[in-house]
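Being a predicted model, the structure only gives us computed values, none of them experimental. Residue numbers start from 1 in every chain, and the chains themselves are labelled A, B, ... in the order their sequence lines are given, proteins ahead of strands. Because only heavy atoms are used, hydrogens play no part in the values below, and waters and symmetry mates are left out as well, while side chains stay in.
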Number of protein chains: 2
Amino acid sequence: MAKKKTSIKDIAKSLGISITTVSFILNGKAKEKRISEELTLKVEEYIKEVGYKPSHLAQSLRLGKSKVIVFMVEDISNQFFASIARKIEEKAYKSGYKIIYCSTDNDPEKAKALIDTFKVRSVDGFIITPTPALESTVLELLEEEFAVLLFDRWIPSIDCSYVVVENEKSAFEATSHLIQNGCKNIGFITVESDQIQMIDRLQGYGHAMESHGLKKNVFMLPFHNLSEFGASSKIQQYIQKNSDLDGLFFATNYLAFEGLQALNSLKKRIPEDVLLVSFDDHYFFTLFQPNISAIEQPIESIAEKLMEGMLMLLEDDESSKPDYKVTLPNILHIRESSDYKI
Amino acid sequence: MAKKKTSIKDIAKSLGISITTVSFILNGKAKEKRISEELTLKVEEYIKEVGYKPSHLAQSLRLGKSKVIVFMVEDISNQFFASIARKIEEKAYKSGYKIIYCSTDNDPEKAKALIDTFKVRSVDGFIITPTPALESTVLELLEEEFAVLLFDRWIPSIDCSYVVVENEKSAFEATSHLIQNGCKNIGFITVESDQIQMIDRLQGYGHAMESHGLKKNVFMLPFHNLSEFGASSKIQQYIQKNSDLDGLFFATNYLAFEGLQALNSLKKRIPEDVLLVSFDDHYFFTLFQPNISAIEQPIESIAEKLMEGMLMLLEDDESSKPDYKVTLPNILHIRESSDYKI
DNA sequence: TATTTTTGATAAATCCTTTTAGCAAGTTCC
DNA sequence: GGAACTTGCTAAAAGGATTTATCAAAAATA
């Protein structure tokens with residue numbers, strides 16, 4: 001039953017010619033290799049007739065390129081990563097690349113294991129949101145001449161291509177926005193993390209506060225199992241303890257969601273009692289009443305630059321030392337209606 | 001620079017033995033093939049020493065199995081599909097399978113093109129949310145003896161394994177819930193679609209209304225470009241025209257989101273003016289004030305059954321006619337606080 | 001001692017392509 | 001007429017594994 005796939009060999013045999021000739025014709029090298037137009041046409045016709053498609057597996061083995069890119073993120077079910085995955089996919093498939101995805105949970109061991117697996121699979125490139133302690137592994141990849149592109153966060157200590165956003169600048173702007181709207185005591189709610197993008201966001205907040213002579217007030221949640229950990233109630237406690245808070249800056253949107261629940265439980269009104277802003281925009285923020293201000297990461301551009309960079313790295317002819325380092329601006333959406341401003 | 005990978009051939013040469021022997025040892029057939037323990041140990045040690053890993057590409061070529069599964073959904077950035085992707089991934093990787101994903105946008109042409117691409121790539125299995133008009137393509141896949149597992153929706157006209165949920169039953173229950181809480185005029189808001197799961201949901205609603213002698217009131221939005229199409233304002237118009245509506249059933253959560261915006265614009269209160277229920281639960285529904293009732297699809301179970309089924313289909317030794325048809329129950333979350341009930 | 005078995009290994013085919021090197025036969029040139 | 005090209009095509013190696021069939025030497029049997 002299992003229809004045996006026709007191979008180039010079958011074609012050659014059927015037409016009584018050599019494999020080489022068929023291969024040349026298939027790869028558009030008929031002219032170059034001086035195959036007569038007559039034979040070329042005959043072969044092409046036959047190929048169409050039997051619906052022959054070459055085996056990518058064999059091609060990959062022979063050519064040493066698999067046309068597969070690994071998309072390795074913290075969590076593919078996270079809206080941000082999923083959205084980028086969607087865009088990446090489209091662009092990759094257009095260029096004949098396939099995308100395998102995987103999630104690290106930000107666990108270095110898991111990330112290393114996954115990378116190990118994929119090296120063997122002879123994939124061509126890696127798009128990675130690096131976990132902590134991944135320097136040496138990434139370095140190895142680079143040494144073995146894989147195309148590697150970091151995103152969301154990068155690794156300052158190694159020279160690797162990346163696509164990131166202006167975390168510090170946007171956090172600075174968003175904080176300044178709160179200050180300009182009268183906030184004097186702004187809490188920055190984040191997670192314990194040594195990831196560079198989180199550090200940058202914290203710094204942006206810090207600089208804005210300092211430059212206005214305001215006192216910083218940072219609340220750090222433990223990184224893992226946020227909701228199981230009762231993040232919402234932890235935030236609630238924090239807000240209660242700091243009764244003079246008039247502004248809150250959430251370092252990510254899932255923190256903002258938890259925060260919204262906390263504020264709701266405390267019957268705090270937005271924006272009358274407290275002004276909000278969150279990093280990472282979400283459809284939800286425009287649905288919530290009142291709308292929540294947020295910093296939108298430019299998903300489309302990120303995906304575009306990622307594929308552009310990846311293709312550049314992949315098509316690089318091992319000569320130059322390719323370098324693709326992009327930092328994209330975010331978009332700050334101010335959403336509290338102006339009537340409400342303090 | 002580019003470290004050439006060591007192959008089985010290199011190992012054989014270095015140790016002055018044959019490739020066959022090395023292969024036997026690698027595949028744990030040393031005993032069976034009567035390789036001396038002495039040599040086995042020596043080879044195993046050497047393999048560890050040089051850190052040899054077999055080429056999956058070559059193995060796939062030889063064995064005709066790639067250990068790759070395609071996960072083809074309508075839109076991978078959709079929270080529902082992304083969540084399943086996340087779970088599937090975990091289970092697949094544990095069994096040594098890799099997942100390639102792709103999105104069809106529910107476009108049959110796109111779906112066919114993608115399937116064509118993957119057939120050539122010699123993937124082993126397909127997990128598919130079928131688009132309309134995909135019967136013949138799926139049938140071809142089955143004839144070519146790929147492992148095929150449909151989910152979210154199935155194709156009644158062909159005998160293919162699937163994992164779906166009880167759409168009709170849950171819609172019936174949810175509608176009954178609204179009726180039991182006093183609703184007399186319940187609008188069912190859905191999209192124009194001949195997809196079986198949407199039809200089933202509509203039927204569940206219909207049966208519930210009929211069995212209570214109530215008049216059906218269905219509003220269908222065109223399928224494509226929902227938000228660009230101003231779905232929210234269309235729903236708003238519908239609600240205004242039907243001023244006697246006291247309950248709304250949204251066939252999917254993204255319709256509910258649009259509906260919530262519409263209700264908000266109309267200053268309709270929930271649950272005082274209208275009771276809501278939506279298919280497909282969402283984190284958002286518990287965050288929204290008041291919380292929104294919804295039918296939760298059991299993502300974990302779906303993913304579990306999908307991988308269980310896929311592995312069964314894959315490991316089936318071409319003898320039997322494997323059949324894996326699963327229909328899972330949903331969970332109805334009633335969320336309006338009871339004080340509010342009409 | 002001669003024959004059969006067992007032991008411990010291996011050569012070679014196969015999976016499907018790409019690509020280098022080369023070979024006959026026909027042309028051109030002087 | 002013989003050297004030098006051109007033309008049109010192909011044999012065979014390579015890429016990295018698996019597996020069948022086979023083989024020489026040692027051990028067991030008669």
Inset, instruction - Have a look at A:S55 and say if it touches a base, only the backbone sugar-phosphate, or nothing, with a 4.0 Å heavy-atom cut-off. - result: sugar-phosphate
Inset, instruction - Could you tell me whether the phosphate oxygens of D:dA17, OP1 or OP2, come under 4.0 Å of any side-chain nitrogen or oxygen in B:Y52? - result: yes
Inset, instruction - Spell out yes or no: do the side chain of B:R34 and the base of C:dT7 have one donor N/O and one acceptor N/O closer than 3.5 Å? - result: no
Inset, instruction - With DNA chain C as reference, determine whether A:K9 or A:F24 sits nearer its 5' end, using the nearest nucleotide of each. - result: A:K9
Legend entry - Rounded distance [0.5 Å steps], CG in B:L57 versus CD in A:Q59: 11.0 Å
Inset, instruction - Could you tell me the separation between the CD1 atom of A:I19 and the C1' atom of C:dC15, rounded to a whole number of Å? - result: 12 Å
Inset, instruction - Return the 5'-most residue of the pair B:A58, B:K29 with respect to DNA chain D, ranking by each residue's nearest nucleotide. - result: B:A58
Inset, instruction - Measure from CG on B:L63 to P on D:dA17 and round the result to the nearest Å. - result: 12 Å
Legend entry - N or O in side chain of B:K65 less than 4.0 angstrom from C:dC15 OP1/OP2: no
Legend entry - Whole-Å gap separating C1' (D:dT18) and NE2 (B:H56): 14 Å
Legend entry - Distance in angstrom units between B:I25 CD1 and D:dA17 P, rounded: 15 Å
Legend entry - A:N106 versus A:T131, side-chain donor and acceptor atoms under 3.5 Å: no
Legend entry - Check: A:S103 main-chain N/O paired with A:D75 side-chain donor or acceptor under 3.5 Å: no
Inset, instruction - Starting at OG of B:S83, measure out to CD1 of A:I76 and round the result to the nearest 0.5 Å. - result: 11.0 Å
Inset, instruction - Kindly say if A:S23 contacts the phosphate of C:dT18, meaning a side-chain N or O under 4.0 Å from OP1 or OP2. - result: yes
Inset, instruction - Starting from C1' on D:dT7, measure out to CD on A:E38 and report it in whole angstrom. - result: 14 Å
Inset, instruction - Determine the contact category for A:L26: base if any of its heavy atoms lies under 4.0 Å from a base atom, sugar-phosphate if only primed atoms, P, OP1 or OP2 are that close, otherwise nothing. - result: nothing
Inset, instruction - Select base, sugar-phosphate, or nothing to describe what B:T20 touches, counting heavy atoms under 4.0 Å on all strands. - result: base
Inset, instruction - Let me know the distance between NZ of B:K31 and P of C:dT7, rounded to the nearest Å. - result: 13 Å
Inset, instruction - Output yes when at least one side-chain N/O atom of B:Q59 is less than 4.0 Å from OP1 or OP2 of D:dG16, else no. - result: no
Legend entry - Side-chain donor/acceptor contact of A:S18 with base of D:dA11 under 3.5 Å: no
Legend entry - Whole-Å gap separating C1' (D:dT18) and CG (B:L57): 15 Å
Legend entry - Whole-Å gap separating P (D:dA12) and CZ (A:R62): 16 Å
Legend entry - Positive for side chain to side chain contact (heavy atoms under 4.5 Å, CB included) with B:I128, one of B:L141, B:D152, B:T104: B:L141
Inset, instruction - List the steps, then state whether salt bridge (Lys or Arg N to Asp or Glu O under 4.0 Å) holds for B:K87 with B:E300. - result: CA-CA 7 Å; B:K87 307 271 183 193; B:E300 180 75 41; 2.9 Å; yes
Legend entry - Short side-chain N/O contact to D:dC9 OP1/OP2 from A:S36, under 4.0 Å: yes
Legend entry - Side-chain N or O of B:T21 closer than 4.0 Å to phosphate OP1/OP2 of C:dT10: yes
